[in-house]
4 protein chains.
Amino acid sequence: MIDFSCDYNCGCAPQILEALTAANERQHVTYGQDAISARAKEKIRAAVGNPEADVCFLVGGTQTNATVLSALLRPWEGVISPCTGHIAVHESGAVEATGHKVLTIQGDETGKLSHAALEAYLQGFYADETYPHMVQPGAVYLSHPTEYGGLYHADELRAIRAICDTYGLALFVDGARLAYALASPETDVSLPLLGELCDAFYIGGTKCGALMGEAVVFRREQKGFFTAHKQRGALLAKGFLLGLQFDTLFSDELYFRLGRNGTECALALREALRGMGVAFRPESGSNQQFPVLSAAQLQKLDGKVGYEIWHRLPDGGAVIRLCASWRTTRADVDAVLCALRA
Amino acid sequence: MIDFSCDYNCGCAPQILEALTAANERQHVTYGQDAISARAKEKIRAAVGNPEADVCFLVGGTQTNATVLSALLRPWEGVISPCTGHIAVHESGAVEATGHKVLTIQGDETGKLSHAALEAYLQGFYADETYPHMVQPGAVYLSHPTEYGGLYHADELRAIRAICDTYGLALFVDGARLAYALASPETDVSLPLLGELCDAFYIGGTKCGALMGEAVVFRREQKGFFTAHKQRGALLAKGFLLGLQFDTLFSDELYFRLGRNGTECALALREALRGMGVAFRPESGSNQQFPVLSAAQLQKLDGKVGYEIWHRLPDGGAVIRLCASWRTTRADVDAVLCALRA
Amino acid sequence: MIDFSCDYNCGCAPQILEALTAANERQHVTYGQDAISARAKEKIRAAVGNPEADVCFLVGGTQTNATVLSALLRPWEGVISPCTGHIAVHESGAVEATGHKVLTIQGDETGKLSHAALEAYLQGFYADETYPHMVQPGAVYLSHPTEYGGLYHADELRAIRAICDTYGLALFVDGARLAYALASPETDVSLPLLGELCDAFYIGGTKCGALMGEAVVFRREQKGFFTAHKQRGALLAKGFLLGLQFDTLFSDELYFRLGRNGTECALALREALRGMGVAFRPESGSNQQFPVLSAAQLQKLDGKVGYEIWHRLPDGGAVIRLCASWRTTRADVDAVLCALRA
Amino acid sequence: MIDFSCDYNCGCAPQILEALTAANERQHVTYGQDAISARAKEKIRAAVGNPEADVCFLVGGTQTNATVLSALLRPWEGVISPCTGHIAVHESGAVEATGHKVLTIQGDETGKLSHAALEAYLQGFYADETYPHMVQPGAVYLSHPTEYGGLYHADELRAIRAICDTYGLALFVDGARLAYALASPETDVSLPLLGELCDAFYIGGTKCGALMGEAVVFRREQKGFFTAHKQRGALLAKGFLLGLQFDTLFSDELYFRLGRNGTECALALREALRGMGVAFRPESGSNQQFPVLSAAQLQKLDGKVGYEIWHRLPDGGAVIRLCASWRTTRADVDAVLCALRA
């Protein structure tokens, strides 16, 4: 069965497995102070275009979000997130477990936070005389792409950054699926732009070709973060395992090529499905597609294509999630189309 | 250079790399709900001899300690640990970051907590009329082997368990280097004994042949722990990576064989060094050895053998740490001896 | 100026000040272990009709909510609250600072949580396959009366309790203004009913005639709570100060009489305003009234009656809050009406 | 019975009760934004000699310590305290409950931290290569007087401040019994000196004549602290109650006079006991005295004088604590001496 149900259900790009095999017998300095990790950080700084950037490798997305946000916030501050933000829904209260409230704002149908909604929220917050009794906004959390495949544009991020500057907020972007966004023709957001606008963002490895691992990029040195991420259980004893994966991903443009594969497969699938009259809720220009299928269409997929029910419709149909990834092939895409046409 | 400085500076046992390579292209159910993880848990339950045991895989030791302890404790409780316990010293306050104090008791020279010291502490605690104003003891933390290679015996653990029962404390054993203890002829503590006596303990992977990963064993079902370990950032999206490593380690007795290799190499080294008149501070029957070397002896090692200075002595000598591991060879041991005899 | 802007802007009932003056020179056992506190607890147990109840005095509402909830919840659990619940809005993230998420549900226009909405939320929660990745519901928080003067009825609380039983949730009721609810002819909820249905609730002192202080009532002994409330900074060294106030409030029905005064004044005001054609948003049967006044009416009050703007209306009018309290007089009520009729 | 067992077992100075009675019927702006609180803050700023100081009133000592320290520290930092510091022993883990470890250093026999011990600790900390894996020192906590009546001198505090500057640490002084230290002829530490050297300190009310309340003094504006102390449950709805007490204490030198009474009584008692050949363990120049009494002497006190057993001696005697306070009289002192001479 072809599995489009998610983008983190198999191992890693073969180049990473090769590098791992090659490095397995060698001895490495521990806790990420090794030469491979240093080289990977250098490559990421170069790709981001900021030689001052502080790069740090963590194991997974939830721990990255909670660790970075707790380092950016003061105890009386919370983080603003769209209602559908991963930290607000699917991280088991990891941010709250560090003592901070997630302050939610309604996003658009793709889970994006608009600068207008952010501005309105902040104006409303400070217009309320009781605001000192409420959690103070301290940072903004966005995911790019969003959990629904939404993509920010450069001007949207610039507008959000400007608001953050006005209100003294840090900007943090969750890039769990960043490779797919960077590869989309439907957004002009680049690594250097994120490096310029974000106090911190992360370059997702787990969903973009690595076994596991996320590379956090702080715009400036983040003093104390080594201890902070050790404290949150996010420091690998064998830190070279993470460095090695990002070293490989940032060699020969692998990270970008893997992202391109996922996004191109997804957009080819979208194009073909549109041609079959299929609608999408929401529309996405990234590796995740959310087609609206009838009961009959779903039946055609069953047993042939793995997918995730996003939400069921009263008529027996459903919005489903189809994820293309770094390892999806055009043959996989064709198999989906073939099944639907059968 | 032969590196005896630590036991977590290279990759994993070749069998694990093979299993990983074989599984890399296949698709796995996510978040540890996959078939390989289920099989690994079954093997661990069998090895522990407790079909009711609740087994859970986490990524590293610090996060395991903090996650398990925070699940065992109530907010007003702390965990008793020897002063040298890893949670008390080298985990950046991970336990405190979950809101709990580490209550330290002086251990012996190998870092072991004696049941007599524990009993005395608890009697003293409750004899002090002001005890309700203090953090209440809620659990006992031990490491086996300890950070200094100390090994508990079965009767010592039974005595500690009895005290825990009397005072209503949970018992948690940190087994980051458990394979080496299980292989030592100098202790009779077995996996089934740990399973019987501990509310929870963990079987260390990172330092015992895996790339990373620790298998927590709860004596009984630990309701809510899936969410708890997701919350602490300890749940891998690609959970099969951990299951696969423990599945391999618990096939063909690999975990025990790897442990035996490390401990036998260490004891051979100890024997030979003793023959050369070298003293140890402290004595250890596990994979870590702490010989007292003179300045001249240290010089002989320099550039040939990697070691860690444990603490310097006024005469220019030092107590050093030499770690054998799952991948140490007899040739490595000979190389150390050879260097010292040169 | 007559001040109806809030119910916590002056000191305490004269009986309390007298008792305080009488006790000021005597010596009392510290930390609430004194005889006056013991007597107060006994009186509260009698009023609640539960000789097993565990009664504890804390200083203020926010600390009470956070301390009790953190004692009722496990680390991976959150507390369900109506969106307008005090813990969700005006407590600066006190609950989150103890590591727990506040899970909000839309209440009705008076801020009440309906059992139907609660049931729907819980059914939806467990119907979502990803629920183990979310904060687990562990308790329900209600305020009675609500922040908008809403009053639960006995059958509503019984229905909520039944749902809590089904889903294994603790029920906690914030009674910051409980005296006013107990006095309202528009609800049949009594102290014994709260004692029967709630795992914990508190009898508010601060807003009901005391200088400060809230009496938490646990249905059963809450082991460890003394240490827990010391830990959260909620234990007064001179605990007799709190015991003394509740001893006074629960002598000669004072607590009930004070509540009756506040609610009767408020309802008299409501009646008279209704007679003047004034609408209320929402309607309230408690000590807080939310009349909708025109710009002209507001102008008539300015300088004569203190009130709080609840929210402004586009036409220049506003919904305002008028709070009657334990010390409001019928003359005060008449002064408001007089001002409006001028 | 004359009670010397502690200094917080009766109410407040009569002037405070008078002020409270006078203010009881008036209406006050809530949450400490009232005119009386503003005036009290102004008086404290004047007494400290720092017009920039940020003054804030909290209810009790434990909540003050935890709230201030959590505002001064970053998540990966801990607070250095002498082993006997109140935060390290008798606050139920309040600091740890905010996520921070208390890093203890052996103090002298009066519980004072010497600058030499502090410097040695810090040098040792940073000399250990593994220090990034440990909780980072972020602040120093001292109490003046200490829990054992110890008194710092100006040059000692200056030396500690210099070390704090070198290592980037905040300095926080717990002044729960500050009035008694300020009155002691055995120290030259003044309010302006504390204001100059400390990032924050507090002027204790609870043990120095108030019903309850502690006045925190930050050297500079502490942005966000209003929300922080609301979050920790330390903000009184009727904030004027605290402001009023400090307004009274800082009128007509009352705070200093109350302190002088306690300390003078204690020193008179010490003098007389010395004359009777009684030793002290430790010696104290403050309101708490720790005489070593024989079994026979203890028997003479029993039933006549309340005292606290500090620790029992093998010969049946004990070190006891005798606390003089703002309300102790010379007759009380004489009664103790009389009992012993009987």
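All values derive from a computational prediction rather than experimental measurement.
Of all non-hydrogen atoms in B/Met212 and A/Met212, the two that sit nearest each other are CE-CE, 3.3 Å. Nearest heavy atom pair, residue A/Cys10 against residue B/Gln27, reads CB-CA, 4.3 Å. Of all heavy-atom pairs between A/Glu25 and B/Arg327, the closest is O-NH2, 2.9 Å.
Only the side chain of B/Cys6 comes within contact range of chain A, with heavy atoms under 4.5 Å apart. Contact annotation for B/Ala97: both backbone and side-chain heavy atoms come within less than 4.5 Å of a heavy atom of chain A. Both the backbone and the side chain of B/Arg232 come within less than 4.5 Å of a heavy atom in chain A. For a residue to count as touching a neighbouring chain, one of its non-hydrogen atoms must lie under 4.5 Å from one of that chain's; by this rule B/Thr30 touches chain A with the side chain only. For chain A, no part of B/Ala176 is nearby; none of its heavy atoms comes within less than 4.5 Å.
By number of non-hydrogen pairs under 4.5 angstrom with chain A, the leading residue of B/Thr206, B/Thr67, B/Leu235 is B/Thr206. With respect to chain B, the highest number of heavy-atom pairs below 4.5 Å among A/Ala66, A/Gly93, A/Gly60, A/Cys12 belongs to A/Cys12. Taking B/Ser5, B/Ala23, B/Ala228, B/Ala94 one by one and counting their heavy-atom pairs under 4.5 Å with chain A, the maximum is reached by B/Ala94. If you tally non-hydrogen atom pairs under 4.5 Å between each of A/Thr21, A/Leu241, A/Asn9 and chain B, the highest count goes to A/Asn9.
Between the CG atom of A/Asp3 and the CZ atom of B/Arg26 there is a distance of 13.5 Å, given to the nearest 0.5 Å.
No side-chain donor-acceptor contact under 3.5 Å links A/Lys230 to the backbone of B/Glu91. Side-chain atoms of B/Lys238 come within 3.5 Å of backbone N or O of A/Ala210 as a donor-acceptor pair.
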Criterion side-chain contact (heavy atoms from CB on, under 4.5 Å) on B/Leu20 and A/Leu17, from CA distance to verdict: CA-CA 9 Å; B/Leu20 187 60; A/Leu17 201 56; 4.2 Å; yes
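Inter-residue side-chain proximity for B/Asn24 and A/Leu211 is flagged as met; some heavy-atom pair is nearer than 4.5 Å.
You'll find the ring centres of B/Tyr8 and A/Phe240 outside the 6.0 Å limit.
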